[in-house]
Each structure stands twice: as structure tokens, then as C-alpha cells.
Chemist: 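Below is a structure I'd like to ask you about.
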Amino acid sequence: MALRVFNTLGRKKELFEPLEPGRVRIYVCGPTVYDACHIGHARSVVVFDVIARYFKAKGFDVTYVRNFTDIDDKIINKANELGIDSKAVAEKYIKEFYEDMDALNVERATIEPKATEHINQIIQFVEKLIQKGFAYRINGDVYYSVEKFKEYGKLSGRRLEDMEAGARVDIDERKQNPFDFVLWKSAKPGEPAWESPWGMGRPGWHIECSAMSNEYLGETFDIHGGGRDLCFPHHENEIAQSESVSGKLFVKYWVHNGFVNINQEKMSKSLGNFLMIKDVLKTYHPEVVRLFLLSNHYRSPIDFTDKALDEAKIGLDKIYALLERIEKKMGLKPDQNTESGDCWQRFCEAMDDDFNSARGIGILFDTVRSINRFLDQNKLSGETKKNIQSNHSDILRIGNVLGLLMEQPKVYFEKKQTQVLEQKSINPDVIDKMVKERDEARKAKNWEKADQIRNQLADMNIVLKDRGEGTVWKIND
RNA sequence: GGCGGCAUAGCCAAGUGGUAAGGCAGCGGUCUGCAAAACCGCUAUUCACCAGUUCGAAUCUGGUUGCCGCCUCCA
């Protein structure tokens, strides 16, 4: 099976060939920790979480680095605003990042380095850039000279000349080119600062990713990811910095995820429509959020709406309901050891095509329908059972890649039930009693009374299912 | 001004040369006392529009229209 990846560098799908067979080295730009994570962060983190999981599932030895940018102007501003120091700000939001991402069932990266713990590497990197003539000093500041790097603009497809025409950049007379960017920034009084050959200061925005990826992944590595918006200037500048120092290709495949819109609007400060992960999770199960995020191709924009989330919820319920049905009817427990089948094969074909999780989810639902069809038969032949078993483990295998279906179906539904019942302060014993009453009425063929009780329960959002083995009730949330 | 993306059913969404996945909603049916769930069937002769290339186009090329993103901190 050949994996193909859309490479922003070149703007086309390319055959994925790792630098070292069987190994993949990935660097993804993590958050600048100055605020809580919003749903856009969730998309990026979830998308690359799935990519890393998929590589692992395919047997790759994965080194996945996701950094924290924990020193930055925005952090300093926030610190001043809150009247605490910037380190405390960073710590606070790193903690929140983990709370959100753990809730979303995001696996930890192999290495999660922080900029402030790599100041030495950053300083060395800047020194090399100065030595090689790519950077220049202005008092305590160090700038990268974009004109020195011939390929500047190759990732984002811009040319310096074009950009200067309509540029909206601060004119800093001291800079040689308006697009020159700061590598090292001198500290004003009271600002967090580290000693350097150029005086007390802090790293510029882009340099930490060059220094840390070099530290953990080497001069050249396989995949570099991040949100679309990071393409320029952040990733363009990373390329400039890294390739100027090494003289080698920095990254083989650049992968950028699309944005999350809220009701067709971009999240922005002026609209005040930032949707924080922790708020979304108050309403929706984490796996609903993941299913929603993964049901569009990662490069397309995705529109966050209540309707879309509700649909994802219905879809997730449907899959869990099937898993529950299998376990009940066949006594099957999840078994990852079963050999993978056709369903997994088709899922891999979808994922091999530029991580097309949307198509993969289509295959998941195909399989759900197919198993339900089998289970509708009264007698299951040995072959059918085998088939179900194989598909069952494939579904769980897919769940493992997508970070879905991690709960026991029973627990999934029970949790939901408890939550809603508590919210509405309904006592489940009362429901059981009513169900029993209705059962008796049904036995007596008193349909009127039975239906009346059912309607009462329906008003409480409780749906009954009369199964052969008895009546089951479910919350319709 | 520069660069790029998108347009597929009522809605969401796959599909990049071989005759339109999947989900939601809707309708009809099987099952059921009736329901619910599940399943089956139906719901785009057609992929914004106009030309062109091709035996063949949603897919490639050119043009038109409409949305959107980046170029400034941004996932």
C-alpha cells in the first residue's frame, strides 16, 4: 500500500517515502500558551494525532514532536494583564492545554519541548545564522535577512518583490528589508530575559521551532505540520532559518490543516466568536467532537454548527449501539488480536490517500450497516459469525486510529443516561417502575394504558424499545 | 494590489479521466399490538455557468459568476 501525502511545498499529492525506512519523524507546531485552546486548536491537534496514530498502526516507528511556544509578546502582555509573571501564564495554559487535549483523547507526542528550555540551542542557532551571514545585529536585536535566502517564499508561493508592492508591514527603518524578521529580541526593563551574546533578551517567534526540531529530529525530517495560517510567515521563516544553517532540505513533506469556522464565520477577536474546547465539551462528548472534526478532509475548511455536532452525535450513537448489539447478541468482547479484514483494508486505502478520514468514516458506516444486516438474521451461520467478528475488530481498530470508540458501549450509554437524568432530576427507579407497569398492561393487552405510559415517558425524552428479551429504555438527548 | 482555495441532492460530505461513497433529514416497505431500533427500497441522468481536449470529464484546459482564506497575531 502506498501512502500519498499532499505536500504544501509543491501543492500536490506525493508518494510518501520516509527518509529512513520504517521510521517517520514529525514536527507539529503546538500552541503559543497565552490563552485557552479553541476549537481550531482542537482540529489541528486531533488531525495530527490521527496522522501519528495511523503511522503507528501501519507499523512505523514514529517520533512525533509537538512544541509549546512558552515565551512570546502575547504571553508577556497576558502576564501584565493578569499581574503575574509570564512563566506562570505559560504554565497555566499548558496545564489547560493538557486538560483539553486529554479530554479529547489526544495521545501525548513523543517529545513536547518548550522554547524556554531550549534557549541555549536557540542562541547557538542564531549565532550560526550570523556567522553564515544570514543574520545581522541592530544593537541588542538580531534579524534574519530574507534577501540572503534565495528560496525565500518557496513554501507559500510568494516572491519578495510581489509582497513589497502591497505590503502592509510596519516600516522599521533599521531593517534591511521589511520582511526581515527578528531572531533575538532585546529585553525592555521588566521583561523576561536570558543572557546572550547580544545582551539580555528573548527568542523571536520562529526560531524556537527551527532550533527544537533540529535538536530532536535532525537537520532534515519527514513531516512538518500545522494550521494553514502558519504557512506564511511562520513556516516560510522556519525553512529560511533551518536551510540557511544546514544547507540541506529542512522538511520533506509540509502538511497544513484547514480552519474551523463558526456558523460560516471565521473565529476572530472582533466577532468575539472564539469557541473554546472546554466550553464545547460541556455540551458534546469528546468523541462527538472528534468524529465531527474528522468527518471533513483535514485540508478543507470545516463549519462548526450545532446541527453538524448533533449529526455527529447521532452517528456516534449509532456505532456504539452496534457495538453494544454485537456484545449482547454474540457475547463478543473487543479482541484486537483478530486478524484484520476487508473493512480495515478499505479504511487504510482511504487513509493512504492523503489521510482521508472522511472517506474512512464512510467505510466505518458501511460496515456498521453490514453488521446490522447480519444481526437482523435470526440464525447466524458459523461463517456469518466469523464475518461479524472480523468486522467488529476492524471497527475497533479504526476507532483506535481515529481516537473513537474508546469506551465500553455500555458505559458510553450509561454515562450519557446518568448525565441527562441528573440534569432533569429524574429518578431512574421511577422509570423502571413505569416500564414495569406498562409491561403488565401490555401483557393484559391493555394497549391504551401501555401507550399512555409510553407517551408519558416520551415527554421525559425517554424512548422505549420492546425487544424480544424485554423492554429497554434509552434517553433521547 | 499579490498569492491560494472552494462551488457535488433539502442539509453535511467523499470522489482528480471510465459513468455519482457515506451521514443527517424525508418518503414507502419489512419487523412490531402500535411504536422505537435495525434492515430494505426510493430521493443528483447529474456535479455553479460557458466553451474546449478526449472514445469517454464532477474530475484536464481556457473563460465567466459566486463564496472564502492568506499576505498583520492567529490552529
Side-chain angles (χ1 to χ4, degrees), chain A residues 8 11-13 28-32 34-35 37-48 72-74 77 153 156-170 179 205 225-234 236 256-261 264-269 274 291-292 295-297 299-303 305 307-308 310-315 317-318 321-322 325 346 350 353 356-377 442 445-448 450-451 454-455 458 462-468 471-474 476:
Chain A
T8 307
R11 291 207 179 75
K12 58 177 190 295
K13 282 185 200 170
V28 175
C29 289
T32 300
Y34 72 102
D35 207 346
C37 290
H38 53 65
I39 191 71
H41 293 105
R43 184 179 197 192
S44 177
V45 173
V46 166
V47 160
F48 289 103
D72 174 271
D73 288 359
K74 291 191 293 292
N77 291 341
S156 53
R158 312 154 198 258
R159 293 179 307 168
L160 281 169
E161 311 88 78
D162 292 340
M163 290 195 293
E164 280 174 63
R168 286 189 287 161
V169 264
D170 292 338
F179 286 94
W205 173 33
R228 263 242 77 81
D229 54 319
L230 293 181
C231 195
F232 188 90
H234 186 54
E236 198 69 71
H256 292 101
N257 65 274
F259 269 35
V260 180
N261 293 133
Q264 296 187 348
E265 278 178 333
K266 191 193 156 168
M267 281 192 282
S268 72
K269 291 235 159 70
F274 273 90
L291 183 62
F292 160 72
S295 61
N296 284 49
H297 185 92
R299 277 189 284 119
S300 311
I302 187 168
D303 195 27
T305 61
K307 185 168 178 276
D310 289 343
E311 281 178 14
K313 181 190 75 67
I314 290 168
D317 280 357
K318 187 173 178 151
L322 170 81
R325 195 177 175 205
R346 292 206 298 146
D353 185 10
N356 195 333
S357 57
R359 204 163 101 202
I361 287 167
I363 289 154
L364 193 58
F365 281 110
D366 266 345
T367 310
V368 167
R369 183 155 37 81
S370 139
I371 301 182
N372 265 318
R373 193 162 37 211
F374 282 132
L375 290 173
D376 279 352
Q377 298 168 10
R442 287 182 72 219
K445 296 205 192 294
N446 185 350
W447 308 126
E448 206 175 311
D451 288 351
R454 186 172 58 197
N455 289 338
I462 287 153
V463 184
L464 300 182
K465 298 175 190 189
D466 296 326
R467 294 229 180 100
T471 299
V472 188
W473 59 269
K474 281 227 158 103
N476 194 3

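In what follows, chains are A, B, ... by sequence order, proteins preceding strands, each numbered from 1. Computed from a predicted model, the values in this text were never measured in an experiment.
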Chemist: Side-chain contact, heavy-atom cut-off 4.5 Å: A:N261 with A:I302?
Modeler: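 Contact flag for A:N261/A:I302 side chains = no.
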
Chemist: Could you give the distance separating B:A35 and B:A75 at their C1' atoms, to the nearest angstrom?
Modeler: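 Those two atoms are separated by 46 Å.
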
Chemist: In whole Å, what is the span from the CZ atom of A:F292 to the C1' atom of B:C11?
Modeler: 14 Å

Chemist: Could you pick out which residue, A:F232 or A:G362, lies toward the 5' side of RNA chain B when each is mapped onto its nearest nucleotide?
Modeler: A:G362

Chemist: Which residues pass the salt bridge (Lys or Arg N to Asp or Glu O under 4.0 Å) test with A:K313, not counting sequence neighbours?
Modeler: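 Result, salt bridge (Lys or Arg N to Asp or Glu O under 4.0 Å) vs A:K313: A:D317, A:D477.
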
Chemist: Enumerate, atom names and distances included, each donor-acceptor pair closer than 3.5 Å involving a side-chain atom of residues 225-234 of chain A, sequence neighbours excluded.
Modeler:
| from | atom 1 | to | atom 2 | distance (Å) |
| --- | --- | --- | --- | --- |
| A:H234 | ND1 | A:H206 | ND1 | 2.8 |
| A:H234 | NE2 | A:E238 | OE2 | 2.9 |

Chemist: Using the test salt bridge (Lys or Arg N to Asp or Glu O under 4.0 Å), find all partners of A:R454 that sit at least two apart in sequence or belong to another chain.
Modeler: A:D451

Chemist: Which residues pass the salt bridge (Lys or Arg N to Asp or Glu O under 4.0 Å) test with A:K13, not counting sequence neighbours?
Modeler: A:D353

Chemist: Using the P atoms only, state how far B:C6 lies from B:C60, rounded to an integer number of Å.
Modeler: 9 Å

Chemist: Go ahead and write out RNA chain B as dot-bracket, 5' to 3': ( ) for pairs within the strand, [ ] for ones crossing earlier pairs, | when the partner sits on another strand, dots for unpaired; Watson-Crick or G-U wobble, both distances under 3.5 Å.
Modeler: ((((((((.[[[..)..(...]]].(((((.......))))).....[[[[[..)....]]]]])))))))....

Chemist: Taking B:U59 as the reference, what is the distance to B:G18 when you measure between their P atoms (whole Å, please)?
Modeler: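 After rounding to an integer number of Å, I get 12 Å for this pair.
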
Chemist: Between B:C12 and B:G26, how far apart are the C1' atoms? Round to whole Å, please.
Modeler: 15 Å

Chemist: If you measure from the P atom in B:G23 to the same atom in B:C40, how many Å do you get, rounded?
Modeler: 9 Å

Chemist: Enumerate the protein-to-nucleotides 12-16 of chain B contacts in which both atoms are nitrogen or oxygen and the separation is below 3.5 Å.
Modeler:
| from | atom 1 | to | atom 2 | distance (Å) |
| --- | --- | --- | --- | --- |
| B:A13 | OP1 | A:N296 | ND2 | 3.2 |
| B:A14 | OP1 | A:H297 | N | 2.7 |
| B:A14 | O3' | A:N356 | ND2 | 2.8 |
| B:G15 | OP1 | A:N356 | ND2 | 2.5 |

Chemist: Can a donor-acceptor pair be found, under 3.5 Å and without considering hydrogens, that links the side chain of A:R43 to the backbone of A:G258?
Modeler: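 Side chain of A:R43 to backbone of A:G258, a donor-acceptor pair under 3.5 Å: yes, one is there.
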
Chemist: List in chain and number order the residues that pass side chain to side chain contact (heavy atoms under 4.5 Å, CB included) with A:K74, two or more places apart in sequence or in another chain; answer none if no residue qualifies.
Modeler: A:T32, A:Y34, A:D72

Chemist: For nucleotides 73-75 of chain B, print each protein N/O atom paired with a nucleotide N/O atom at under 3.5 Å, atom names and distance only.
Modeler:
| from | atom 1 | to | atom 2 | distance (Å) |
| --- | --- | --- | --- | --- |
| B:C73 | O2' | A:K74 | NZ | 2.5 |
| B:C74 | OP1 | A:W205 | NE1 | 3.4 |
| B:C74 | N3 | A:K266 | NZ | 3.3 |
| B:A75 | OP1 | A:H41 | NE2 | 2.7 |
| B:A75 | O5' | A:H41 | NE2 | 3.3 |
| B:A75 | O2' | A:G227 | N | 2.6 |
| B:A75 | N1 | A:V260 | N | 2.8 |
| B:A75 | N3 | A:G40 | O | 3.3 |

Chemist: Could you check whether any side-chain N or O of A:D303 sits under 3.5 Å from a backbone N or O of A:Q264, counting only pairs where one atom can act as donor and the other as acceptor?
Modeler: yes

Chemist: Who are the side chain to side chain contact (heavy atoms under 4.5 Å, CB included) partners of A:D366, not counting sequence neighbours?
Modeler: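 Here the qualifying residues are A:R346, A:R369.
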
Chemist: Rounding to the closest angstrom, what is the interatomic distance between B:C11 and B:C47 at atom P?
Modeler: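 Between the two P atoms, the distance is 16 Å.
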
Chemist: Sticking with atom P, work out how far B:U19 lies from B:U32, rounded to a whole angstrom.
Modeler: 40 Å

Chemist: Taking atom C1' of B:C24 as reference, at what distance in whole Å does atom NZ of A:K313 sit?
Modeler: 12 Å

Chemist: Determine whether a donor-acceptor pair (N or O, by modelled atom type, separation under 3.5 Å) exists between the side chain of A:T305 and the backbone of A:A308.
Modeler: yes

Chemist: Does A:S295 use its side chain to pair, donor to acceptor, with the backbone of A:F292 at less than 3.5 Å?
Modeler: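 Flag set: sc A:S295 to bb A:F292 pair under 3.5 Å.
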
Chemist: Using the side chain to side chain donor-acceptor pair (under 3.5 Å) criterion, which residues pair with A:D466? Sequence neighbours excluded.
Modeler: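 A:D466 satisfies side chain to side chain donor-acceptor pair (under 3.5 Å) with A:R438, A:R442, A:T471 only.
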
Chemist: For A:G157, report the nucleic acid contact type (base, sugar-phosphate, nothing); a contact means any heavy atom under 4.0 Å.
Modeler: sugar-phosphate

Chemist: Would you mind building the protein contact string for nucleotides 29-44 of chain B? One character per nucleotide, 5' to 3', B for base within reach (heavy atoms under 4.0 Å), S for sugar-phosphate only, - for untouched.
Modeler: ----BBBBSBSS----

Chemist: For nucleotides B:U72 and B:G2, find the distance between their C1' atoms and express it as a whole number of Å.
Modeler: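 My reading of the C1' atoms in B:U72 and B:G2 gives 15 Å.
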
Chemist: If the condition is salt bridge (Lys or Arg N to Asp or Glu O under 4.0 Å), which residues does A:K465 pass it with, not counting sequence neighbours?
Modeler: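 Counting only residues at least two positions away or on another chain, A:K465 forms no salt bridge (Lys or Arg N to Asp or Glu O under 4.0 Å).
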
Chemist: Would you mind classifying the nucleic acid contact of A:S268 as base, sugar-phosphate or nothing, using non-hydrogen atoms under 4.0 angstrom?
Modeler: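 If one applies the 4.0 Å heavy-atom cut-off, A:S268 turns out to touch nothing in the nucleic acid.
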
Chemist: To the nearest Å, give me how far apart CZ (A:F179) and C1' (B:C3) are.
Modeler: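 Rounded to whole Å, this separation is 12 Å.
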
